[in-house]
Amino acid sequence: MMNIMHPALRRLDLNLLPVFDAIYRHRSVRLAADELAMSTSALSHALSRLRTALNDPLFFREGHRMCPSVYAAQLAPSIASALQFLNQQLAPQPEFTAATSSERLQIAITDFTAFCIFPALMHKLQHAAPGLRLELRYLPHSPALTELLAGEVDLALGFSTADDSRHPELDEIGWFEDEYVVISNAGRTRLTLEDYLAARHLVVTPWNEKQGVLDLRLEQLGHTRQIALKTPSMLSAPFIVAESDLLMAIPRFAAEKLSAAADIKIFALPFAIPRFEVKIYSHKRSAQRGATRWLKAELQQLAQAFYSGR
């Protein structure tokens, strides 16, 4: 037999509970009607329905006062408490105000997004949203589908790959694009396609990918390259390149930032390939949150500022 949840509530119009509460507090139909913006006849009709539903007279008229029955006196504290709780919990969500918010957002990132974007983002947030708290988590894979669907992260900043497929519950927007370049030690003077194919390479694989986009493209062109080292971290890679004969393909923005710290040279990639792209992924549920929408807009403004400054 089917278990019917909340049988008492299913047979009761919950709109009648504020009527009960108002009459109990005011001991007056007229004052209760005024508080609820109802006519006295409408409120009396509501009281009649409540009496029928609860099988109790609830209130007796004594002179000008409505005095509660024993059952009504027992019900009153629970009804008042329930109405207060529901009123607090069901209040409309306040508008997000960045300057005063202390909300917490969890963001799945990679070395690239942490290194290239978050210095500029935190510089801006220290003035625009000083109380906003960000927790960064490394992407276990792109676009952190499981974590987004489970509500474990609010945003994921992930690479776009050739086999990306849209999930109906996720929103994705193109955020950041860049061209691939090649970095080498400072002693190299040129980089042709022949030089590139003859060299050994360092490849960053954040998710232990078996084949990256550059190798897929080289395969389409009928070439292969010799991969000497794979690493999950982009940040150590330029320093390894600077002290070896290895080459590494990397987005130009990161290469230019890293060149100030590592003794490397930057060369154009000697074959054509689609641009490197990062997307912002969010769950449709989380995307309705004011803080999430605001941060996505800030990230897009930073990307626009980056493009306009190049």
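Being a predicted model, the structure only gives us computed values, none of them experimental. Counting begins at 1 with the first residue of the sequence.
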K.L.:
Centroid-to-centroid, Phe271 to His223, below 6.0 Å?
P.N.:
no
K.L.:
Which pair of non-hydrogen atoms, one from Pro57 and one from Phe60, has the smallest distance, and what is that distance?
P.N.:
CG-CZ, 3.5 Å
K.L.:
Going from CZ on Phe253 to CD on Glu179, what distance comes out if it is rounded to the nearest 0.5 angstrom?
P.N.:
13.5 Å
K.L.:
Shared ILVMFWY cluster between Val182 and Leu197, side chains joined below 4.5 angstrom?
P.N.:
yes
K.L.:
For Leu148 and Leu170: C-alpha separation, side-chain torsions, deciding distance, then whether side chain to side chain contact (heavy atoms under 4.5 Å, CB included) applies.
P.N.:
CA-CA 8 Å; Leu148 284 164; Leu170 297 187; 3.9 Å; yes
K.L.:
How long is the gap from CG on Leu214 to CD1 on Ile250, to the nearest 0.5 Å?
P.N.:
11.5 Å
K.L.:
Quick one: are Ile280 and Leu155 in side-chain contact, heavy atoms under 4.5 Å?
P.N.:
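Yes, their side chains come closer than 4.5 Å.
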K.L.:
With side chain to side chain donor-acceptor pair (under 3.5 Å) as the rule and sequence neighbours excluded, what pairs involving residues 98-116 come up?
P.N.:
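As it turns out, the side chain to side chain donor-acceptor pair (under 3.5 Å) pairs with a partner in residues 98-116, which skip direct neighbours, are Glu103-Arg289, Arg104-Glu135, Thr110-Thr113, Asp111-Tyr138, Asp111-Ser233.
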K.L.:
Give a yes or no on whether Gln301 atom CD has more than 12 heavy-atom contacts from other residues, nucleotides or ligands under 6.0 Å away.
P.N.:
yes
K.L.:
Mind running side chain to side chain contact (heavy atoms under 4.5 Å, CB included) on Lys230 and Val204 for me, showing each step along the way?
P.N.:
CA-CA 6 Å; Lys230 287 187 176 182; Val204 175; over 6 Å; no
K.L.:
Just so I know, are the side chains of Leu247 and Leu191 near enough to count as touching, which here means a heavy-atom distance under 4.5 Å?
P.N.:
yes
K.L.:
Hey, is Glu152 close enough to Arg137 for a salt bridge, meaning N to O under 4.0 Å?
P.N.:
yes
K.L.:
Tell me whether Val203 shares a hydrophobic cluster with Ile273, the cluster being built from Ile, Leu, Val, Met, Phe, Trp, Tyr side chains joined at under 4.5 Å.
P.N.:
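The answer is no; the residues belong to distinct hydrophobic clusters.
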K.L.:
Could you point out which residue of Leu302, Leu125, Ile107 forms a side chain to side chain contact (heavy atoms under 4.5 Å, CB included) with Phe118?
P.N.:
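Filter result, single survivor: Ile107.
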K.L.:
Below 4.5 Å, heavy atoms only, C-beta onward: do Gln300 and Ile173 meet side chain to side chain?
P.N.:
yes
K.L.:
So, Asp178 and Arg252, do they make that salt bridge, N to O below 4.0 Å?
P.N.:
no
K.L.:
When rounded to the nearest 0.5 angstrom, what is the spacing between CG in Leu229 and OG in Ser244?
P.N.:
8.5 Å
K.L.:
Whether the His283 and Glu169 side chains hold a donor-acceptor pair (N or O, under 3.5 Å, no angle test) is what I'd like checked.
P.N.:
yes
K.L.:
For the hydrophobic clusters of this structure (ILVMFWY residues joined by side-chain heavy atoms under 4.5 Å, transitively), does one cluster hold both Val70 and Leu54?
P.N.:
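Different clusters.
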K.L.:
Grab the two heavy atoms, one from Ala242 and one from Ile264, that are nearest each other, plus how far apart they are.
P.N.:
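Nearest heavy atoms, Ala242 then Ile264: CB-CG2, 3.9 Å.
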K.L.:
Which pair of non-hydrogen atoms, one from Lys265 and one from Thr189, has the smallest distance, and what is that distance?
P.N.:
NZ-CA, 4.4 Å
K.L.:
Counting distance only, does the side-chain N/O of Trp175 pair as donor-acceptor with the main-chain N or O of Leu299 below 3.5 Å?
P.N.:
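Yes: the side chain of Trp175 pairs with the backbone of Leu299.
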K.L.:
Working to the nearest 0.5 Å, report the span between CD of Gln226 and CG of Leu246.
P.N.:
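Here the rounded value is 9.0 Å.
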K.L.:
Which heavy atom in Met234 sits nearest to a heavy atom in Phe112, and how many Å separate them?
P.N.:
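Minimum heavy-atom separation between Met234 and Phe112: CE-CA, 3.8 Å.
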K.L.:
Counting N and O atoms only, with roles assigned by atom type, does the side chain of Asp195 sit under 3.5 Å from a partner on the main chain of Thr192, one being a donor and the other an acceptor?
P.N.:
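Yes, the answer is positive, given that a donor and an acceptor are paired below the 3.5 Å cut-off.
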K.L.:
So which of Leu43, Leu31, Leu36 actually passes side chain to side chain contact (heavy atoms under 4.5 Å, CB included) with Ile23?
P.N.:
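With Ile23 as partner, side chain to side chain contact (heavy atoms under 4.5 Å, CB included) holds for just one option, Leu43.
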K.L.:
Quick one: CG on Leu17 to CG on Leu12, what's the gap to the nearest 0.5 Å?
P.N.:
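Result: 5.5 Å between the selected atoms.
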K.L.:
Is the backbone N or O of Phe59 less than 3.5 Å from a side-chain atom of Arg51, with the two atoms forming a donor-acceptor pair by type?
P.N.:
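Looks like yes, one N/O pair under 3.5 Å.
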K.L.:
Tell me whether the rings of His127 and His123 are parallel (<30°), tilted (30 to 60°) or perpendicular (>60°).
P.N.:
perpendicular
K.L.:
Measuring only between side-chain heavy atoms, which start at C-beta, is Leu218 closer than 4.5 Å to Thr224?
P.N.:
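Not in contact.
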K.L.:
Do the side chains of Ser282 and Asp154 get nearer than 4.5 Å, heavy atoms only?
P.N.:
no
K.L.:
Mind running side chain to side chain contact (heavy atoms under 4.5 Å, CB included) on Leu50 and Leu58 for me, showing each step along the way?
P.N.:
CA-CA 9 Å; Leu50 192 57; Leu58 298 178; 3.7 Å; yes
K.L.:
Looking only at non-hydrogen atoms, find the nearest pair between Met248 and Ala237 and report the distance.
P.N.:
SD-CB, 3.3 Å
K.L.:
Under a 4.5 Å side-chain heavy-atom rule over Ile, Leu, Val, Met, Phe, Trp and Tyr, are Phe85 and Leu83 clustered together?
P.N.:
no
K.L.:
Once the angle between the rings of Trp294 and Phe96 is folded into 0 to 90°, is it parallel (under 30°), tilted (30 to 60°) or perpendicular (over 60°)?
P.N.:
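Tilted: the ring planes of Trp294 and Phe96 meet at 30° to 60°.
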K.L.:
With a 4.5 Å cut-off on side-chain heavy atoms, are Leu47 and Leu16 touching?
P.N.:
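With C-beta onward as the side chain, the pair stays apart.
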K.L.:
Let me confirm one number: the CE-CG distance from Met122 to Leu132, rounded to the nearest 0.5 Å.
P.N.:
8.0 Å
K.L.:
Which pair of non-hydrogen atoms, one from Asn185 and one from Val241, has the smallest distance, and what is that distance?
P.N.:
CB-O, 3.6 Å
K.L.:
Strictly by side chain to side chain donor-acceptor pair (under 3.5 Å), give each pair with a member in residues 58-85 just once, sequence neighbours left out.
P.N.:
Asp56-Ser69
K.L.:
Below 4.0 angstrom, N of the basic side chain to O of the carboxylate: do Lys279 and Glu172 qualify?
P.N.:
yes
K.L.:
Would a 4.5 Å heavy-atom cut-off, applied to side chains only, mark Ser44 and Val29 as touching?
P.N.:
yes
K.L.:
Give a yes or no on whether Phe115 and Leu202 share a hydrophobic cluster (residues Ile, Leu, Val, Met, Phe, Trp, Tyr; joining criterion: side-chain heavy atoms under 4.5 Å apart).
P.N.:
yes
K.L.:
Does the side chain of Pro68 reach to within under 4.5 Å of the side chain of Arg27, using non-hydrogen atoms?
P.N.:
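Contact flag for Pro68/Arg27 side chains = yes.
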K.L.:
Quick one, Phe176 with Glu277, criterion side chain to side chain contact (heavy atoms under 4.5 Å, CB included). Give me CA distance, side-chain angles, the key distance, then yes/no.
P.N.:
CA-CA 6 Å; Phe176 184 93; Glu277 182 182 15; over 6 Å; no
